Undergrad: 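After the structure tokens below, expect a handful of questions from me.
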Amino acid sequence: MRSESHKKTKMKSFSISTPSSFKFWPTVYSHGWCDLRPFQIDKTAEHIDTVLRLSDASFCAVRMREAKNGIRVTLQTPETMASGQCAEMKQIILSMFRLTESMDKFYERARKEPAFRWVAASGGGRLLRSQSVFEDVVKMVSTTNCSWALTKIMTDNLAVMLGPEVAEGKHAFPEPSAIAAQSESFMRKEIRCGYRAPFLLEFAESVASGRRAVEQWRDWEGTTEELFKEMRSVKGVGEYAAGALMKLLGRYEYLGLDSWCRAKFYELHSRGKTVSDAKIEKHYVSFGKWRGLFLWMDVTHHWFSQKFPF
DNA sequence: GCGTCCAGGTCTACC
DNA sequence: GGTAGACCTGGACGC
């Protein structure tokens, strides 16, 4: 009886306590995802909004800000929800901010390297991810072979045109079935995803039909190589996209090099001169299973001097 | 304002 | 296994 009445308690906000190694803004700005819907940042008010989808098919637009010992989450629309729903939201946010993973071993390794001693104190290494693996894959495909401006256009269009509107201007990311139901022409002309349209449609259909259980990738029991191979079997997911996606699943053996990473590496380690990918691989090989994350820390080190680096 | 060129990953066909 | 060309868009640039 007591637990039943507890479940029905309505809540307007809740807090998430975090380990001392966690830093809110460096995690938000760990890579470009915070710039893509449904995330929306207000730099003046210093908060980040998003829209969460719950297992009972309800939605909630939430506002998250840095708090003394963690994250403060305030419900926007609806303004209150049952405590059980808030508990589910808390689990989703923990996963998005990578608070379900221990970074102790990574920080231990970083402290041994003079060039990376700054990492632990700066709260680096937790890479923000979407609520779902499906959303991460769609976004990653949308980053391939185009400018960041076009990636933003594609993800904006997906959320606004196909994602449910929870509050004015606040849309959840679309479900696989919502994308799968579109025509290739709509995806090309309206979403502006061009030649990626058939790739995204095929992927969305495979997830919506249950043929591809992508959400299980976060609990993958096979080897890292097998997971990488599984990702590469998605059309539109090449070496870069799969490598970058692996990092969002807590596996850092692949570098996930794109042109931006390469350019930054050349600037930092070869006086601007182009070198082969093999040479870049060699540079980080001593970091073992953490090499992909050390590469990312290396090329984004300059971001950590500002609260809002982009 | 218009046309041209380039950058950006991945796929496919071909050698 | 390696390579070339196609895919498509926004942005930069020249006129």
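Here is the naming used below: chain letters follow the sequence lines, and residue numbers restart at 1 for every chain. Not measured: the values here are computed from a predicted model.
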Undergrad: I need the residues from residues 183-194 of chain A with at least one non-hydrogen atom less than 4.0 Å from DNA chain C; give them sorted by number, or say none.
TA: Arg188(A), Arg192(A), Gly194(A)
Undergrad: Can you check each nucleotide of nucleotides 8-15 of chain B against protein heavy atoms at under 4.0 Å and return B for base, S for sugar-phosphate only, - for none, in 5' to 3' order?
TA: BBSSS---
Undergrad: Using a 4.5 Å cut-off between side-chain heavy atoms of Ile, Leu, Val, Met, Phe, Trp and Tyr, which other residues end up in the same hydrophobic cluster as Val285(A)?
TA: none
Undergrad: Compute whether any side-chain donor of one residue and acceptor of the other, for Thr224(A) and Arg251(A), lie under 3.5 angstrom apart.
TA: yes
Undergrad: What pairs with Trp25(A) under ring-ring contact (aromatic ring centres under 6.0 Å, His included), at least two apart in sequence or on another chain?
TA: Phe308(A)
Undergrad: So that I can tick it off, tell me whether Lys264(A) and Glu267(A) are bridged by a salt bridge, with the cut-off set at under 4.0 angstrom between side-chain N and carboxylate O.
TA: yes
Undergrad: Phe116(A): what forms a ring-ring contact (aromatic ring centres under 6.0 Å, His included) with it, not counting sequence neighbours?
TA: Phe287(A), Phe294(A)
Undergrad: Please determine if Lys282(A) and Asp277(A) form a salt bridge, counting it only when a charged side-chain N lies under 4.0 Å from a carboxylate O.
TA: no
Undergrad: Any side-chain donor paired with an acceptor under 3.5 Å for Asp298(A) and Tyr284(A)?
TA: yes
Undergrad: Cut-off 3.5 Å, no hydrogens considered: what does the side-chain donor-acceptor table look like for residues 120-129 of chain A, sequence neighbours left out?
TA:
from, atom 1, to, atom 2, distance (Å)
Ser122(A), OG, Trp118(A), O, 2.8
Arg126(A), NH1, Arg98(A), O, 2.8
Arg126(A), NH1, Glu101(A), O, 3.3
Arg126(A), NH2, Ser21(A), OG, 3.1
Arg129(A), NE, Ser95(A), O, 3.0
Arg129(A), NE, Ser95(A), OG, 3.4
Arg129(A), NH1, Leu248(A), O, 2.8
Arg129(A), NH2, Ser95(A), OG, 3.0

Undergrad: Looking at residues at least two apart in the chain, or sitting in another chain, which of them share a side-chain hydrogen bond (donor to acceptor under 3.5 Å, both in side chains) with Arg117(A)?
TA: none
Undergrad: Among residues at least two apart in sequence or on other chains, which ones pass ring-ring contact (aromatic ring centres under 6.0 Å, His included) with Phe134(A)?
TA: Phe203(A)
Undergrad: For the helix from dG1(B)-dC15(C) to dC15(B)-dG1(C), how many degrees between its two end axes (five pairs per end), to the nearest 10°?
TA: 30°
Undergrad: Reading DNA chain C in the 5' to 3' direction, which nucleotide is the first one with an atom under 4.0 Å from a heavy atom of chain A, and which is the last?
TA: dC7(C) to dG11(C)
Undergrad: Using a 4.5 Å cut-off between side-chain heavy atoms of Ile, Leu, Val, Met, Phe, Trp and Tyr, which other residues end up in the same hydrophobic cluster as Met154(A)?
TA: Leu150(A), Ile153(A)
Undergrad: What pairs with Ser15(A) under side-chain hydrogen bond (donor to acceptor under 3.5 Å, both in side chains), at least two apart in sequence or on another chain?
TA: Arg72(A)
